[in-house]
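Data first, discussion second: the structure below is written as structure tokens.
None of the values given here were measured: they were computed from a predicted structure. To find a chain, count down the sequence lines: A is the first, B the second, and so on, and within it residues start at 1.
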Amino acid sequence: MPNPQPETITGPILDWYAEHARDLPWRAPDATPWGILVSEIMLQQTPVVRVLPVWHEWMKRWPTPAALAAEPSGEAVRAWGRLGYPRRALRLHGAAQAIVERHGGEVPDSHEDLLALPGIGAYTAAAVASFAFRQRHAVLDTNVRRVLARLVSAREYPPKAPTRAEVKVAESLLPPDPPTAARWSVAVMELGALVCTARSPRCVDCPVLDRCEWQLAGRPAYDGPPRRGQTYTGTDRQCRGRLLAVLREAHEPVEKAALDVVWSDAVQRERALDGLIADGLVDPLDDGRYALPS
DNA sequence: GAAACGTGGTC
DNA sequence: TGACCAAGTTT
């Protein structure tokens, strides 16, 4: 059941955020919608500390969507560095092009238009609409889902995939005033990132400890199905990463042999390379060499 | 709805 | 040491 008095939860968390929020550049008063959008894509499945230097580099080099859209997509992939999931770089470049073509170079402010951009799903559309345009949307990322699972549902962890019920809970807590709702959303995320963490939550520092259903239930351990199970060593993913790293670090097209040396299993190597080409991350040139896409 | 998709730090 | 985790999206 939703809390009958949401303010008893939102109030203390908003107060906590006012005092403990990290000073992140995409939260600065002069942050642009574009800068916020770029940060949201980079932060998908990626820790803040790793994003910071790359974000600054991108903002300096491509301060507007038009600036990025004017460059080859391969430059976005190269500047992505080792953030991981390089298809995000390609999609961000595609989003920049779409913003120029469909929205006159301005990041759109509607959830619907944002959702239509490549690489932007339900979470990121809600996040950009909230954080860049101060709108009222339920923002359900992994941090918020974990906080609400504990606070409201007395579970240590949320379900594997977001459910209708989670959306309902998030909406029931959203303050009516849009700017306040936007601040609330970032505040819950921050609480999840700094206090209500996955592994060792710092409940002693929690502003709503006395209202936490998980705490009141005696912090029962997670009892659902295993939440993970992906090894990395030896996978196609690792192989793709090795291949792409060669192209990122080379500033001109490379011979096939330069790719062959970084992965010994030829069958897997060819499969991974084909995948990269199919994804548009690698361009097979007519002369037999390979390059980042233009 | 499950599976694929990078990378590096932590306990 | 190896499993888990970090502001998800796409197919």
Side-chain angles (χ1 to χ4, degrees), chain A residues 21-22 24-27 31 35-55 77 80-92 94-95 114-132 137-147 156-164 166 170 182 185-194 196-201 222 225-248 262-263 268 271-272 274-276 278-282:
Chain A
R22 287 169 294 180
L24 301 173
W26 42 84
R27 290 180 185 161
I36 291 169
L37 192 164
V38 170
S39 79
E40 288 301 334
I41 302 289
M42 289 184 172
L43 287 163
Q44 290 169 4
Q45 307 284 284
T46 310
V48 166
V49 288
R50 216 174 302 165
V51 166
L52 281 168
V54 182
W55 184 86
V77 174
W80 197 251
R82 306 188 66 79
L83 284 182
Y85 293 143
R87 289 188 295 192
R88 289 183 293 168
L90 220 45
R91 293 183 180 134
L92 191 43
L114 288 164
L115 197 54
L117 297 173
I120 296 192
Y123 160 74
T124 305
V128 173
S130 297
F131 306 152
H137 297 276
V139 177
L140 269 185
D141 81 319
T142 189
N143 289 305
V144 176
R145 296 183 61 222
R146 185 176 56 251
V147 171
E156 184 178 17
Y157 298 117
K160 268 189 94 71
T163 62
R164 293 268 185 68
E166 287 183 270
S185 293
V186 73
V188 197
M189 285 178 65
E190 192 75 338
L191 186 68
L194 299 183
C196 195
T197 54
R199 213 136 357 157
S200 302
Y222 177 78
R227 296 181 301 136
R228 288 278 174 179
Q230 31 115 265
T231 54
Y232 179 62
T233 305
T235 60
D236 284 12
R237 251 145 103 163
Q238 184 185 30
C239 182
R240 286 167 56 107
R242 291 265 189 89
L243 295 173
L244 202 57
V246 172
L247 296 179
R248 267 201 318 264
V262 301
W263 198 263
Q268 188 176 29
R271 182 171 68 230
D274 286 346
L276 289 168
D279 288 345
L281 283 165
V282 171

Value in whole Å for how far the C1' atom of C:dC5 lies from CG of A:D141: 14 Å
N or O in side chain of A:Y123 less than 4.0 angstrom from C:dT9 OP1/OP2: no
Sugar-phosphate only, base, or nothing, as touched by A:T124 at under 4.0 Å among non-hydrogen atoms: sugar-phosphate
Sugar-phosphate, base or nothing in reach of A:A198, heavy atoms under 4.0 Å: sugar-phosphate
Short side-chain to backbone donor-acceptor contact, A:R88 and A:Q44, under 3.5 Å: yes
A:R145 side chain to A:P159 backbone, donor-acceptor under 3.5 Å: yes
Whole angstrom value for the distance that separates C1' of C:dT9 from CG of A:L281: 14 Å
Atom pair distance, as rounded to whole Å: CG in A:L247 and P in B:dG6: 13 Å
Side-chain donor/acceptor of A:R248 to backbone N/O of A:G81, under 3.5 Å: yes
N or O in side chain of A:R87 less than 4.0 angstrom from C:dT9 OP1/OP2: no
Whole angstrom value for the distance that separates P of C:dT10 from CZ of A:R91: 6 Å
Any donor-acceptor pair under 3.5 Å from A:E40 side chain to A:I120 backbone: no
Touch class at under 4.0 angstrom, heavy-atom based, for A:L83 against every strand present: base
Touch class at under 4.0 angstrom, heavy-atom based, for A:L24 against every strand present: base
Integer-rounded Å distance: C:dT9 C1' and A:R145 CZ: 14 Å
P atoms of B:dA3 and C:dC4, separation to the nearest Å: 16 Å
Touch class at under 4.0 angstrom, heavy-atom based, for A:G121 against every strand present: sugar-phosphate
Separation of the C1' atoms in C:dA7 and B:dA2, to the nearest angstrom: 23 Å
Closest listed nucleotide, where the reference is the side chain of A:R199 and the choices are B:dT10, C:dG8, B:dG8: B:dT10
Nearest-Å distance for atom pair CG/C1', residues A:L92 and C:dT9: 13 Å
Side-chain donor/acceptor contact of A:T46 with base of B:dG6 under 3.5 Å: yes
P-based separation of B:dC5 from C:dG2 [nearest Å]: 23 Å
From B:dA4, C:dA3, C:dG8, nucleotide with atom closest to A:T231 side chain: C:dA3
Nearest-nucleotide comparison on DNA chain B, the residue closer to the 5′ end among A:A161 and A:S200: A:A161
Sugar-phosphate, base or nothing in reach of A:A122, heavy atoms under 4.0 Å: sugar-phosphate
Interatomic distance, A:R240 CZ vs B:dA3 P [rounded to whole Å]: 18 Å
Whole-angstrom distance between C:dT10 and B:dG1, as gauged at atom C1': 13 Å
Residue whose closest nucleotide on DNA chain C lies nearer the 5' end, A:G119 versus A:T197: A:T197
Backbone of A:D236 reached by a side-chain donor or acceptor of A:R271 within 3.5 Å: no
Any A:Q45 side-chain N or O less than 4.0 Å from OP1/OP2 of C:dG8: yes
Touch class at under 4.0 angstrom, heavy-atom based, for A:Y157 against every strand present: sugar-phosphate
Backbone of A:Y232 reached by a side-chain donor or acceptor of A:T235 within 3.5 Å: yes
Touch class at under 4.0 angstrom, heavy-atom based, for A:R271 against every strand present: nothing
A:R146, nearest nucleotide to its side chain (from B:dG6, C:dA6, C:dT9): C:dA6
Integer angstrom distance from the P of C:dT9 to that of B:dG8: 23 Å
Touch class at under 4.0 angstrom, heavy-atom based, for A:W26 against every strand present: base
Gap between atoms CG and P, on A:L244 and B:dT7 respectively (whole Å): 7 Å
Under 3.5 Å donor-acceptor pair, A:R50 side-chain atoms to B:dT7 base atoms: yes
Side-chain (A:R27) to main-chain (A:R22) donor-acceptor, under 3.5 angstrom: yes
